[in-house]
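Scope of the values below: all heavy atoms of this structure, side chains included, with no hydrogens, waters or symmetry mates. Fair warning: this is a prediction, and the values are worked out from it, not measured in the lab.
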Amino acid sequence: MQQIQFIGTTPNALIDLIDETVKKRLEDLKKNFEPKTPKEYLSRQEVAKMLSVDLSTIHNWTKKGILTAHQIGGRVFYLRTDVENAIVKLKN
């Protein structure tokens, strides 16, 4: 184990320095912290309702590669973020 000697520094000054450094790091963390949201999967019916389209449209968009489908036990799901990213802004 390595020893470090602080010459000319009082224990209280060292404590204050450590305290300030920790506070600054915590403030930076609070400013930049983004909680991780869990992935939300939607059924075909939920996607159709969300986009106000028919189920056949969802099927066609999946076949064309516009939407990416995920299958679990015979059921088809879509990631909400994938559906939202598939919506393209039109240029005027």
Quick one: closest heavy-atom pair of A86 and I66, and the distance?
CB-O, 3.6 Å

Ignoring hydrogens, what is the shortest heavy-atom contact between Y78 and I58? Give both atom names and the distance.
OH-CG2, 3.5 Å

So which atom in L79 and which in K39 form the shortest heavy-atom distance, rounded to 0.1 Å?
CD2-CB, 3.7 Å

CZ (R25) and NZ (K30) are apart, to the nearest 0.5 Å, by 15.5 Å

Value rounded to 0.5 Å, distance of CG in D82 from OH in Y41
8.5 Å

So, does N32 use its side chain to make a donor-acceptor pair with the main chain of D28 at under 3.5 Å?
yes

Does the side chain of T62 come within less than 4.5 Å of R44's, by heavy atoms?
no

Side chains of T10 and N12: is there a donor and an acceptor less than 3.5 Å apart?
no

Rounded to the nearest 0.5 Å, how far does NZ of K49 lie from OG of S43?
10.0 Å

Using the rule that Ile, Leu, Val, Met, Phe, Trp and Tyr join whenever any side-chain heavy atoms are under 4.5 Å apart, tell me whether V76 and V53 fall into a single cluster.
yes

If we only count heavy atoms from C-beta on, is the W61 to L51 side-chain gap below 4.5 Å?
yes

Please determine whether residues L17 and I15 belong to a single hydrophobic cluster, defined as Ile, Leu, Val, Met, Phe, Trp and Tyr linked transitively by side-chain heavy-atom distances below 4.5 Å.
no

What's the spacing between D16 CG and T21 OG1 if we round to 0.5 Å?
10.5 Å

Roughly how far apart are E20 CD and K23 NZ, rounded to 0.5 Å?
7.5 Å

Do V83 and L67 have side chains that approach each other closer than 4.5 Å (heavy atoms only, starting at C-beta)?
yes

Where L42 and M50 come nearest, the two heavy atoms and their spacing:
CD1-SD, 3.8 Å

